[in-house]
Amino acid sequence: MPGPVRELVERLEGADFETWTVGGEVRDSLLGMSSGRNEWDLATRATPKQMRRLFDRTVPLGVEYGTVGVFASDGELYEITTFRHDVITYGRKAVVAFASTLDEDLARRDFTINAIAWHPRREVLHDPHGGRRDLEDRVLRAVGDPAQRFREDYLRVLRGLRFAGALKFEIHPDTWAGMREAVPGLAGLSMERVREELLKVMDAARPSLALALYETSGARAVILPQLSEGIGPRALATIDAVPQEGAHTRIAALLACGFGESANRGAVTELLRGLRFSNAETDRIAVAVGGGLGPERRLVDDAVARRRWLSSLGRRSAGDVFQLWTAALDAGTAPVADNDVRHVIAAVQRDLDRPVPMSVHELAVAGRDLVALGWTPGPRVGRTLQRLLEAVWGDPSLNDRATLLEIAAEEPPSS
Ligand code: ATP
Ligand code: MG
């Protein structure tokens, strides 16, 4: 445990507030793996008010839930949460009340492996729900009555599928039964929470195990009913092949495969907006989905078609499209021959490096050049520039001022 986290515990305990570390970092440490994220969570008897009195630099992260962010000596922000138990639950949101004991706090946590507390000063592990044994047996088990716990907060179903997939754990039969029973309730979750969960799944080294569970549990059909093809082997292989830091490209792979033949810009955009992705993210992902898992056949041998395609795609999107194509190549899911995919990527890359103009604004002549030569400003100038662009796509060496003016003159300036 990082020294600065230990200092936070010392500080709270020095003021007589019992404090433990809990949650994902305790779980992952016991598994002998570090998330590398340094997201230590502290649970304490101190109330938010008392915490704010004790520490100089705090951030109210969710004071009504008892969570205060505190900057430690390493400059990092750590979450410290007052012991609490859930009182009233509406399935999607819990109203919490503070509790006086660690045991009450651990009992409201979702899975046994997430309900282990470690006391760094006394070096004591407190594990009333048998989380340690479940870690050894590699079993995911809900704390308490599974059906009830999932009804309290349906997001726990998705969290459970994610943990089971990421850790390669078996889901205990009773917990699995509880999840299956709770699956229809996922429809009531806020889409922001679903999106955040989905992105966490996509952040794992290999999302496929969790995503396969999304399908077999029935969760996918409830939260993403638009994906007529579901999440099949093609999607799973392609998603895993996208580099880990490419979560958004992984979402694009999910949609490209899941919509299958019915993928169109409108449907893809609607789904992404429904998940409350920002406009910028929606556009970016939708463009990648539009690129598919590989180039269309006509892009293989036709340089002009390729340039027209890149122009409509926009330069900046080429990287995302290529990332998805390359993943499909690696996964063996590309729709055209491997050599053809590589050929198109290399050819487009050459155009990007050269660079070949992708819009009339990048031509060696501008509308005002034509006007200076006596053209009447108007749509005809625009049409001529477009014609020049097409000519340059056919032969990029034509893109110099004198040549383009010559070609422009082939058409009378007014008629
Ligand atoms: P990771 O950060 O790797 O996703 P984590 O277990 O740390 O996993 P967090 O979302 O950071 O998950 O939450 C920290 C802890 O808070 C969890 O370990 C769990 O004990 C508790 N917790 C979080 N969300 C819920 C929930 N919806 N229901 C019950 N307990 C929860
Ligand atoms: Mg965490």
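What you see is a predicted model, and the numbers here were worked out from it, not measured in a lab. Numbering of ligands and ligand atoms starts at 1, following listing order.
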Which residue holds the protein heavy atom closest to atom 2 (O) of ligand 1, what is that atom called, and what is the gap in Å?
R37 NH2, 3.5 Å
Assess whether side chain to side chain contact (heavy atoms under 4.5 Å, CB included) is satisfied between D41 and T21, documenting all intermediate values.
CA-CA 6 Å; D41 294 306; T21 55; over 6 Å; no
Among protein heavy atoms, which sits nearest to atom 4 (O) of ligand 1, and what does the distance come to when rounded to 0.1 Å?
R162 NH1, 2.8 Å
Do the side chains of E362 and R315 get close enough for a salt bridge, i.e. N-O under 4.0 angstrom?
yes
Quick one: nearest non-hydrogen protein atom to atom 27 (N) of ligand 1, plus distance?
D153 OD2, 2.9 Å
One thing to verify: whether R297 and D340 come together as a salt bridge, which I'm taking to mean a side-chain N less than 4.0 angstrom from a carboxylate O.
yes
Would you call R306 and D351 a salt bridge, taking side-chain N to carboxylate O under 4.0 Å as the test?
no
May I ask you to list the atoms of ligand 1 that are less than 4.0 angstrom from any heavy atom of R108?
29 (C), 30 (N)
The closest protein heavy-atom partner of atom 21 (C) of ligand 1 is R109 NH1, 3.5 Å
Going by heavy atoms in the side chains, are L42 and T44 under 4.5 Å from each other?
no
Give the residue, atom name and distance (to 0.1 Å) of the protein heavy atom nearest atom 14 (C) of ligand 1.
D41 OD2, 3.6 Å
re atom 10 (O) of ligand 1, the protein heavy-atom contact at minimum distance is R159 NH1, 2.9 Å
I need the atoms of ligand 1 closer than 4.0 Å to a non-hydrogen atom of G24, numbered in the order shown.
5 (P), 6 (O), 7 (O), 18 (O)
Report, in ascending order of atom number, the atoms of ligand 1 lying under 4.0 Å from any heavy atom of F163.
6 (O), 8 (O)
Within 6.0 angstrom of R220 CZ, more than 12 heavy atoms from elsewhere:
yes
When you measure from atom 19 (C) of ligand 1 to each heavy atom in V22, D28, D110, which option holds the nearest one?
D110
Among all protein heavy atoms, pick the one closest to atom 26 (C) of ligand 1 and tell me residue, atom and distance.
R156 NE, 3.7 Å
Of Q50, E13, E18, which is the lone residue that meets side-chain hydrogen bond (donor to acceptor under 3.5 Å, both in side chains) with R45?
E18
Considering the heavy atoms of G23, write down every atom of ligand 1 situated less than 4.0 Å from one of them.
18 (O)
Ring geometry between W309 and W325 (parallel below 30°, tilted from 30 to 60°, perpendicular above 60°)
parallel
Cation-pi check, R57 to F71: give yes when NZ or CZ is under 6.0 Å from the six-membered ring centre and within 45° of the ring axis, no otherwise.
yes
Among all protein heavy atoms, pick out the one at the shortest distance from atom 6 (O) of ligand 1; state its residue, atom name and that distance to 0.1 Å.
R27 NH1, 2.9 Å
Are any of the N/O atoms in R193 less than 3.5 Å from those in ligand 1?
no
Hey, are R234 and E229 close enough for a salt bridge, meaning a charged N less than 4.0 Å from a carboxylate O?
no
Sub-4.0 Å atoms of ligand 1 with respect to non-hydrogen atoms of E39:
2 (O)
